[in-house]
2 protein chains.
Amino acid sequence: MSSAVRNRMQLHQQNIQSVFAEVFNHQPISRIEISRNLALNKSTVSALYRDLKDQGYVEELGEGDASNVGGRKPVLLAVNRKYGYTMNFDFGYRHLHAMQNNVTGDVLSYKQVNVKGLTLKQILPLIDAELENISTNDHSSHGLLGISFAIHGTVDHNKVTYSPFLDMSQVDLEDYYTQKFQVPVLLENEANVSAVYERDFNKANEQLSNMVTISIHRGIGAGLIIHQNLHRGIHGEAGEIGRSVSIDGNWDGEPRKVEDYCSEDAIITQIQDKKHADNMTREDVVRLFKADDQVTKSALRGFVRNVAGIIYNVANNFDPDVIFLNSPLIEALPELEPQIESFYAQMAPSIRVPIKLTKNSHYATLLGGCALVTREVLGMEDAKLNFGAQTVIL
Amino acid sequence: MSSAVRNRMQLHQQNIQSVFAEVFNHQPISRIEISRNLALNKSTVSALYRDLKDQGYVEELGEGDASNVGGRKPVLLAVNRKYGYTMNFDFGYRHLHAMQNNVTGDVLSYKQVNVKGLTLKQILPLIDAELENISTNDHSSHGLLGISFAIHGTVDHNKVTYSPFLDMSQVDLEDYYTQKFQVPVLLENEANVSAVYERDFNKANEQLSNMVTISIHRGIGAGLIIHQNLHRGIHGEAGEIGRSVSIDGNWDGEPRKVEDYCSEDAIITQIQDKKHADNMTREDVVRLFKADDQVTKSALRGFVRNVAGIIYNVANNFDPDVIFLNSPLIEALPELEPQIESFYAQMAPSIRVPIKLTKNSHYATLLGGCALVTREVLGMEDAKLNFGAQTVIL
DNA sequence: TGTGAGTTGGTTGTTTGAACAAACTAATCT
DNA sequence: AGATTAGTTTGTTCAAACAACCAACTCACA
């Protein structure tokens, strides 16, 4: 209510943003096309564009083709790709992933650094070195604009509240990097940024307003896009579906969580125990499965059924347009997907939500963080923006 | 994006709506107060108010008190309570509930009609008679403005898609009543309207943006308010948590649903079976419980644990500001609530979502429908409106 | 108790400024 | 040359803002 547009100045600001969003989403685009898309007069668009250009956000690319019945050639407008860049990080189990992106979401550089066994305090200098390195090679006009971190745990008010796989309580990443660079620093749950990736980077989802990304890594979490907005919940704990318990009238002993049955860790542990093995990795599981190992096959059969159950429950809770699965294990064993689909179809014979796999889940995580922090930098949190993901050499 | 305010006309329309919302929410209110609340110039507010008055939506009530340091008395403005009325219905198990409300949500009349064992086609004439009766006694300027029906089942695009307790496939309520009265006719799931009631009628929830209403009647469903909006899902099936299945690695036989364990029907059936009784009602259960019957006590102990589990799961899925329980059974046995709280506290020792009971669940359902259809009538679907619920004699 | 200074609510007439419209230039096609 | 399209310039429009006013109240003080 109070943030609504009420006077001419606010109207003007909003229209500038609308023009920028048009340039962002449909570049290269001409003024006349923007005018038609927004139902604004072409002279109005020209004036608004001039404002954006004076601030350095946009630039002319050259002339486009004239229409085939004659007429002046349009001037093609685009976002200024040399405006600046964001740095986006993901703390994986074995690697730190780092990505440099420009404001439109293009990948300028990507690197992964081995951090297995290191504490956060030991990882920090590696991040600093990467930021330093990128900075010295940069030639953009505004340099570093913002930083994002994907967290495998829960985040509230930009602070890590729970991180089972890497102790993050010793360092306040937000404090440390805002002090150092005076730019927005954003921490967000990994499933949440995955969901933002699907909303902002995947052209196929442009018209969808409700999406759930089920992220099956060491734990299980869901990222929720509802009415085109990331739903975080009051404590940033929405979508923590891995903690769900069974409602089945059996209340003898501790209730067990979904995560205990079908996270990647749970499956690996299960196979390890039966094989009396130790220190197994996802790659070992994949190898055993492909070697037709019966213990592994049976464990993954249970996994597949449980994932189908999770999907069914998520569909009943949120009824989204689509559910994405972000799971390196399923990505490595794509033959599991039709099995999941078929179990799900058994449970829900009539109305079903389409299931899609997220390809290259690490990229998705990094790009989701990029989208979030870039929106903050541009002050375009609520606009509909389609980011690209071209790998570009400037 | 395309619905955003872009030109002066749209701005004007939106500001008229804002002024109306101020009158609606803070009546009686003066122009100067609206001007301050909306940060609009007082002359602007005067002009916008004049438009609303010409359309008959608002009226002056008289003079208020002057400030204690002197100055002219304010003129108090309010919504025109004689503008018209809405009719709102709820198909209960034994009764049809009917409520007449004015545009501000005040209760003008309420009636319940015994319909036990009747089919929808047999109920229809009773509805028609009630509408007729109300209409002849009405003296408002615009008469009937809209009709709402709360459905114990799922609704999509204003059509009933599933109704396990009363066959609704034979009659299209929307078609029938729009044809008859040329006013908006709205069908909505009962848990959803309950949630809307909490958002729109409960002053205590004014600042909350995420709320879940868990409705435990013959089945179990949840109504979801997310970011102040009712989240229906793509097929209107969001919040169908009663259908959730257990994820516990046990896949022998059919997966059983939450509803099978702890809906009111499930509990009654469970007690009936153990007692070899028949045709038991909620009142019987309440009586047995109060008579310290051990079978009933044990069944309700399981019920309480399961409800706590459902709350825990809902909290993990949505992380709302508050969870409401809409359950006639718990309403009749309020001593169950602290037990539910305590089981929930065991499951979630740290972060917990506050639990509240919805009082008088039938009223909540009717008033939620009233809020939805009134918003449609006024074209104020997205505004923040606080409805009242005074019983008024005009 | 009467008066006037100070205060607040609301109206009236004028100004402002962002979107708009029309006339223009520019550049293309057939 | 005439038709068509892109973009600019110049002047118009109209809803909100502003300023000045009137109306009606309080309170202090004579």
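Proteins come first, then strands; the chains are lettered A, B, ... in the order of their sequence lines, and each starts at number 1. Just so it is clear, the values below take in all heavy atoms, side chains as well, and ignore hydrogens, waters and symmetry mates.
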Report the distance from atom [atom1] of [X] to atom [atom2] of [N], rounded to the nearest whole Å.
X: B:Lys73; N: D:dC22; atom1: NZ; atom2: C1'; answer: 18 Å
X: A:Leu38; N: C:dA18; atom1: CG; atom2: C1'; answer: 15 Å
X: B:Ile32; N: C:dT7; atom1: CD1; atom2: P; answer: 15 Å
X: A:Glu60; N: D:dA6; atom1: CD; atom2: C1'; answer: 13 Å
X: A:Met9; N: C:dA19; atom1: CE; atom2: C1'; answer: 16 Å

Between the base of D:dA24 and the side chain of B:Arg72, is there any donor-acceptor pair under 3.5 Å?
->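 Absent.
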
For A:Asn80, enumerate each residue passing the side chain to side chain donor-acceptor pair (under 3.5 Å) test, keeping only those at least two apart in sequence or located in another chain.
->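 Per chain and number, A:Asn80 pairs via side chain to side chain donor-acceptor pair (under 3.5 Å) with no residue.
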
Base, sugar-phosphate alone, or nothing: which one does B:Val75 contact when heavy atoms must sit under 4.0 Å apart?
->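 Result for B:Val75 = sugar-phosphate.
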
Does the distance from a Lys or Arg side-chain N to an Asp or Glu carboxylate O, for [X] and [Y], drop under 4.0 Å?
X: B:Glu59; Y: B:Lys82; value: no
X: A:Lys53; Y: A:Glu60; value: yes
X: B:Arg375; Y: B:Asp200; value: yes

For B:Asn25 and B:Asn386, work out which heavy atoms get closest and say how close.
->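 For B:Asn25 and B:Asn386, the tightest heavy-atom pair comes out as OD1-N, 2.6 Å.
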
Would you tabulate the pairs of protein nitrogen or oxygen atoms and nucleotide nitrogen or oxygen atoms of nucleotides 16-18 of chain D closer than 3.5 angstrom?
from, atom 1, to, atom 2, distance (Å)
D:dA16, OP1, B:His12, ND1, 3.3
D:dA16, OP1, B:Asn15, ND2, 3.2
D:dA16, OP2, B:His12, ND1, 3.0
D:dA17, OP2, B:Asn41, N, 3.3
D:dA17, OP2, B:Thr44, OG1, 3.3
D:dC18, N4, B:Ser43, OG, 2.5

N/O (side chain, B:Arg50) to phosphate O (OP1/OP2, C:dG10) under 4.0 Å =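 B:Arg50 to C:dG10 OP1/OP2: no side-chain N or O under 4.0 Å.
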
